[in-house]
Amino acid sequence: MEYVTLGKTGLKVSRVGLGGIPIQRIDAEAAKKLLDAVEAAGINYIDSARGYSVSEELIGQAIEGRRDKFVLATKTMSRDKEGMARDIETSLKNFRTDYIDLYQVHNPNLKQLEQVCAPGGALEALLEAREAGKIGHIGLTAHGPEVFERALELDWVETVMFPYNIVETQGAELMERAKARNVGFINMKSLAGGAIEDAKLAIRFAAANPNVSVVLPGMYAPEEVAENVAAAADSSPLTVEELERVEAMRQTLGSSFCRRCGYCAPCTAGIDIPNQFVFHGYLSRYGLADWAKARYGALSAHASDCVECGACEGRCPYQLPIREMLKKIAADFGF
């Protein structure tokens, strides 16, 4: 296993980390076996979130007695000080530890990021928790490049987690800027939320980028750990055949894959279009139907609210048939 320094945090982390979303699909015994495989493979970076239902708890049970073997990261969508302070305490309890290495502001939009930084915002709780030794470092996760770009202007942001994969390369230039600013880049969605079936090629592609600190595929079975570690360890250049397969995937997925760039906004009906696709991916590809339905249901507007004005399609740089895609989402979720 290769280890790198995670930007200005100074943390020494494995090049491959464990993404904690799929852990929701297994029980405590299976989670223990998974973390055994993770430790044996040399993976020390583990990521979860308050929003991933039982993920933090299962990880906490599985690493009890060997906490010092891992760099723990988690995140929350709380935007105010009170909510953030409460969530930090909950995460500490779930992980069965007295400190968390990296706590992240989870996927804020620009307006919410302003709230986080304002008086009484979540940043105050994060800074106080860091001062008290409850957390070690502070990061941010994003799906839109405008938030990624803004994060690089904030001196408290030590890491950024952002999608990067064969299909989604919209953050490539910002990744270079993050590297120049010594901000650690954590690569989420390396398999495009499961849309890319060739996991080995997808992970090799992500790991080949020197601006990526940690490749973070979601895993829930020991055999996945071995496969993903082996893929990341293969540092040979992509072959002509592999590059051809990369291009074929882009062509295939390009007509039906949302890059979450946000150019489709604003929606006439108030639909957060990128998030419709995110939660539909969890429903159709992750096998997390109940969790996906709960997250989708919490949105203020849903795919079924589309009035088919087509304004979003005129703004989409990838010419996606958004109206038809929303109809599919509404049918699959039932509303």
Side-chain angles (χ1 to χ4, degrees), residues 1-6 9 11-75 91-92 94-104 135-137 139 141 159 161 164-165 184-191 193-194 196 199-200 202-204 206-207 212-235 286-288 291:
M1 176 61 67
E2 178 187 0
Y3 296 88
V4 299
T5 301
L6 185 59
T9 70
L11 295 168
K12 298 295 183 182
V13 297
S14 51
R15 195 82 164 85
V16 178
L18 172 67
I21 290 179
I23 289 176
Q24 299 170 92
R25 298 169 59 178
I26 59 180
D27 59 19
E29 182 179 355
K32 171 68 165 53
K33 292 178 180 178
L34 174 67
L35 268 296
D36 288 345
V38 163
E39 182 183 358
I43 293 174
N44 73 345
Y45 186 86
I46 301 176
D47 176 82
S48 186
R50 290 294 312 112
Y52 297 169
S53 63
V54 297
S55 176
E56 287 183 339
E57 294 171 82
L58 290 176
I59 292 168
Q61 292 175 44
I63 67 171
E64 192 167 23
R66 50 176 168 173
R67 165 68 183 90
D68 60 330
K69 303 288 186 181
F70 302 103
V71 173
L72 280 183
T74 194
K75 45 197 177 290
S91 294
L92 289 167
N94 287 344
F95 282 136
R96 304 186 180 196
T97 186
D98 58 1
Y99 74 99
I100 294 167
D101 297 282
L102 175 65
Y103 215 96
Q104 300 154 105
I135 64 174
H137 304 278
T141 80
T159 64
M161 182 190 292
Y164 176 72
N165 53 62
F185 182 83
I186 303 162
N187 171 210
M188 69 162 142
K189 310 296 182 188
S190 52
L191 275 66
I196 300 172
K200 180 179 179 180
I203 291 174
R204 284 195 66 209
V212 172
S213 302
V214 184
V215 181
L216 196 62
M219 295 179 272
Y220 70 96
E223 54 268 26
E224 291 180 319
V225 175
E227 292 168 1
N228 292 338
V229 169
D234 184 354
S235 59
Y286 269 104
L288 294 168
W291 184 68

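Along the sequence shown, residues are numbered consecutively beginning with 1.
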Between Val212 and Val215, which heavy-atom pair has the shortest distance, and what is it? CG1-CG2, 3.8 Å
Using only atom types and a distance under 3.5 Å, with no angle test, would you say the side chain of Arg66 pairs donor to acceptor with the backbone of Ala62? yes
Show, in sequence, the C-alpha distance, side-chain angles and deciding distance for His137 and Leu11, and conclude whether the side-chain contact (heavy atoms from CB on, under 4.5 Å) test is met. CA-CA 9 Å; His137 304 278; Leu11 295 168; 3.8 Å; yes
Roughly how far, to the nearest 0.5 Å, is the OG1 atom of Thr141 from the CE atom of Met188? 5.0 Å
Could you please spell out the steps behind the salt bridge (charged side-chain N to carboxylate O under 4.0 Å, His left out) verdict for Asp27 and Lys33? CA-CA 10 Å; Asp27 59 19; Lys33 292 178 180 178; over 6 Å; no
Counting distance only, does the side-chain N/O of Arg50 pair as donor-acceptor with the main-chain N or O of Thr74 below 3.5 Å? no
In this structure, CG of Leu191 is separated from CG of Asn165 (nearest 0.5 Å) by 8.0 Å
Within-4.5 Å side-chain heavy-atom neighbours: Leu102 and Leu72: no
Side-chain donor/acceptor of Arg67 to backbone N/O of Tyr99, under 3.5 Å: yes
Any Asn228 side-chain heavy atom under 4.5 Å of Ile43 side chain: no
Flag side-chain contact, heavy atom, 4.5 Å: Val214 against Arg15: no
Is any side-chain heavy atom of Asp47 less than 4.5 Å from a side-chain heavy atom of Met161? yes
For the pair Glu57 (side chain) and Val54 (backbone), establish whether a donor and an acceptor sit closer than 3.5 Å, ignoring hydrogens and angles. no
Looking only at heavy atoms, the pair that brings Pro222 and Leu34 closest together is N-CD1, 4.2 Å
Mark yes or no for whether Trp291, through its side chain, and Arg25, through its backbone, hold a donor-acceptor pair below 3.5 Å. no
Distance only, no hydrogens: is a donor on one side chain within 3.5 Å (strictly under) of an acceptor on the other, for Ser91 and Glu56? yes
Is the shortest side-chain heavy-atom distance between Leu216 and Tyr45 below 4.5 Å? yes
For residues Ile46 and Ile59, determine if any side-chain heavy atom of one lies less than 4.5 Å from a side-chain heavy atom of the other. yes
Testing the basics here: between Ala202 and Ser190, what is the closest heavy-atom pair and its distance to 0.1 Å? CB-O, 3.5 Å
4.5 Å side-chain heavy-atom contact, Gln61 and Arg96: yes
Are any side-chain N or O atoms of Gln24 and backbone N or O atoms of Ile21, one a donor and one an acceptor, separated by less than 3.5 Å? yes
Strictly distance-based, threshold 3.5 Å: is any side-chain N or O of Arg204 a donor or acceptor partner for the main-chain N or O of Ala207? no
Where do Asp101 and Phe70 come nearest, in terms of heavy atoms and distance? OD2-O, 3.7 Å
Mark yes or no for whether Ser55, through its side chain, and Gly20, through its backbone, hold a donor-acceptor pair below 3.5 Å. yes
Quick one: which of Leu58, Leu18, Val225, Ile26 gives a side chain to side chain contact (heavy atoms under 4.5 Å, CB included) with Tyr220? Ile26
So how far is it from Leu6 CG to Ile186 CD1, rounded to the nearest 0.5 Å? 5.0 Å
Compare all side-chain heavy atoms of Ile63 with those of Lys69 and state whether any distance is below 4.5 angstrom. no
Give a yes or no answer on whether the side chain of Lys75 reaches the backbone of Ser48 with a donor-acceptor pair at less than 3.5 Å. yes
Is there a donor-acceptor pair closer than 3.5 Å between any side-chain N or O of Ser14 and the backbone N or O of Asn44? yes
